Undergrad: 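First the structure, then my questions, so here it is.
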Amino acid sequence: MNKRAITAYQKKGKFSRWAMSAVVLLILVVLPFFNHNEYHLEVLVSAGIFAILVLGLNVMTGYCGLLNLGQAAFFASGAYTYALLNVKLGLSFWVSLPACVISSAALGLLFGSCVLRLKGDYLALVTLGFGEIIRITLNNMDSLTGGPNGLTVSHPLIGFADKSFDFGIKSMPYYYLTLLAIIVIVIITNRLASSRFGRAWVAIKEDEVAAACMGINTGKLKLLAFCVGSAIAGFAGWLFAGKQGFVSPDSFDFITSIMLVAMLVLGGIGSIAGSIVGAVALTLLPEILRPLQEYRMFLFGAVMMVMMLFRPQGILGGVRILEEFRPENERVRQEEDEVLGEGLKQ
Amino acid sequence: MNPFETFIQQLINGLTIGMIYALIALGYTMVYGIIQLINFAHGEIFITGAFFALAVFGLFPHTPQFNSVLALVLAFGAAMAGCGFLGVVIERIAYRPLRKAPRLACLITAIGVSFILQNVLMLIWGPVDKSFPAFFKHSALTFGSLRVTFMQGFIIITSLVMMIALRFFVTRTMLGKALRAASADMTAARLMGINVDKVISICFLIGSALGGAGGVMYGMYYNTISFHDGYLVGIKAFTAAVLGGIGNVPGAMLGGIALGMLEGLGAGYLSSAWKNVFAFLILVILLLCWPSGILRKSRNE
């Protein structure tokens, strides 16, 4: 394929993707006008918050290949930063946003700078241990965090001069706020993916040594991916705390982290649309399976297992990812090498 | 009780739970050593062993002094056979088709299997904690003010016997030799005529059976079991395996004992609310500073 053909192909893909996104967005914007069911909106809002978390995880795991089994810790750090600022200092929801994002990013930076020399399974285990340490610490520091009883925080409030609008406990305002938040995060991660950083991350994921040979500062870039992912998780935590009006360590346990990874892998690792689809699917699935009562988590595990057997690249995984997940990926690598060899000869 | 005696008592308590960790850690380390998979479902296999034993105890009449030795032998037999079989089946259905797939796919499958097992346990035995019959609870050997219950002695001696038997199997038998060969280099082992799939199955069989035995001991020691106990103990046992150097059989035994003692001392002298933090802190610090563990296994990366 020559360069012009590639560009044309990319443009065509871009157009259909834009059209698709616009249609989906339109449906999502008008949805609450047709469906007033509070429970449905509530589930969609939590799916949205999970989608943001998975988008953050996608930057670490999908782009850069850093498997993080402790994403809930960064989620918790964002949520607790807002809760503490609100309870101890009386700061409002909107004012706390920068602090929440920065605190999570700083935690990511601190932790990442210690552990990112580890690879693969070892990194996954350290992040798992880190997530649990954070949760148990929040649980045990009763005087500051209220321990297992958690903290009650105020809902967001928008004030214009003397009139003000309280978000309250209805799901509708949060639905639009979450939708807006997802759009912002999608734009950021999409731009990041096609930036210099994004391409470097993918290079590191594919082959770290080769990436380093190409002059990529792998250590710094891995740390950057980790920070961006944790900052996005902090953002989701801020939103979550404002929406719930309550934070407790139970929301940030190991199962949450595991679910996030499952959402990412099931949706299609490395894909933005896949991250969102995975988050929505795995949030809706237990709700849909609710009539099956206690069998639902069993079926849930079975879906994960069967999915990995028959569609390891996830619901929206691309061809490239599909090939990587295939047992015969040696063949792909060989073909690539041949193409590269042809290129070098010319 | 003087401070020295307290210290020794904490060490003995730690040693008992450490032996249980060591038995479970063996399952992790054997599987990791051969196919480089963190078998997340192993924690669930371990607690399934305790439930199998509970089922066996249910068959005996509830008299205060029932024939406990026979019940105990049958319970261990059922737990080890049941878990061994379960391990082999899981490997066959879930992991074998993914033998050449990337790690992430296997890891997700392992998590899925662990969800399934946990919920099957919940469906069969219910979500509430189950109480485990007490064995030789009140008889103990006392040395001054030190107290070693018969049960602690039983756990320590039984696990030692199992570990020695495993050591003998791995170092002295033909099959053990095949196992070591396959874990050193799977391709070369296959070229030498070793049936690697069979070796992997045996690895799962032995690891899961030891895990099941650990489950019975866990139930005996704590007297209550619950379907979600598997995860936390599983993670700790994995920490023990890493502590000893993952993929290394004697290392897992030493690692389990060391972790149990550290945890016992930490819980005894500092605070038991932070007990689980110690295990995770040890895991994090260890992986960072000393990833090859106590008994390092030379391996060319």
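Given the structure is predicted, the values throughout are model-derived calculations rather than measurements. A, B, ... follow the sequence lines: proteins, then strands. Residue 1 opens every chain.
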Undergrad: Report which part of A:L125 has an atom under 4.5 Å of a heavy atom belonging to chain B: side chain, backbone, both, or neither.
TA: both
Undergrad: How about CZ on A:F254, more than 12 heavy atoms from neighbouring residues, nucleotides or ligands closer than 6.0 Å, or not?
TA: yes
Undergrad: With a 4.5 angstrom heavy-atom cut-off, which part of A:R135 approaches chain B: side chain, backbone, both or neither?
TA: neither
Undergrad: Quick check: closest heavy atoms across B:S208 and B:F204, and the distance to 0.1 Å?
TA: OG-O, 2.7 Å
Undergrad: What part of A:L128 lies closer than 4.5 angstrom to a heavy atom of chain B: side chain, backbone, both or neither?
TA: side chain
Undergrad: Side chain, backbone, both or neither: which part of A:T137 has an atom under 4.5 Å from a heavy atom of chain B?
TA: both
Undergrad: Given that the side chain runs from C-beta out, which part of B:L37 has a heavy atom under 4.5 Å from chain A: side chain, backbone, both or neither?
TA: neither
Undergrad: Heavy atoms only: give me the nearest A:S248-A:P148 pair and the separation to one decimal.
TA: CB-O, 4.0 Å
Undergrad: Ring centroids only, cut at 6.0 angstrom: are B:F85 and B:F52 within range, meaning strictly under it?
TA: no
Undergrad: So A:S46 and A:T283, side-chain hydrogen bond (donor to acceptor under 3.5 Å, both in side chains) or not? Walk me through it.
TA: CA-CA 8 Å; A:S46 41; A:T283 317; over 6 Å; no
Undergrad: Between B:D229 and B:Y222, is there a side-chain donor-acceptor contact under 3.5 Å, judged purely by atom types and distance?
TA: no
Undergrad: Does anything in residues 111-121 of chain B reach chain A? List residues with heavy atoms under 4.5 Å apart, or say none.
TA: B:I111, B:G112, B:V113, B:F115, B:I116, B:N119, B:V120
Undergrad: Looking just at side-chain N and O atoms, do B:E44 and B:Y231 make a donor-acceptor pair shorter than 3.5 Å?
TA: no
Undergrad: Are A:F130 and A:F74 an aromatic pair by the rule of ring centers under 6.0 Å?
TA: yes
Undergrad: Side chain, backbone, both or neither: which part of A:I134 has an atom under 4.5 Å from a heavy atom of chain B?
TA: neither
Undergrad: Please enumerate all residues that pass salt bridge (charged side-chain N to carboxylate O under 4.0 Å, His left out) together with B:E91, with sequence neighbours excluded.
TA: B:R96, B:R99
Undergrad: Can you give me the closest heavy-atom contact between B:G43 and B:Y28, atom names plus distance?
TA: N-OH, 3.6 Å
Undergrad: Please classify the contact between B:L123 and chain A as side chain, backbone, both or neither, with a heavy-atom cut-off of under 4.5 Å.
TA: side chain
Undergrad: In terms of heavy-atom pairs under 4.5 Å with chain A, which of B:V277, B:I108, B:V284 leads?
TA: B:I108
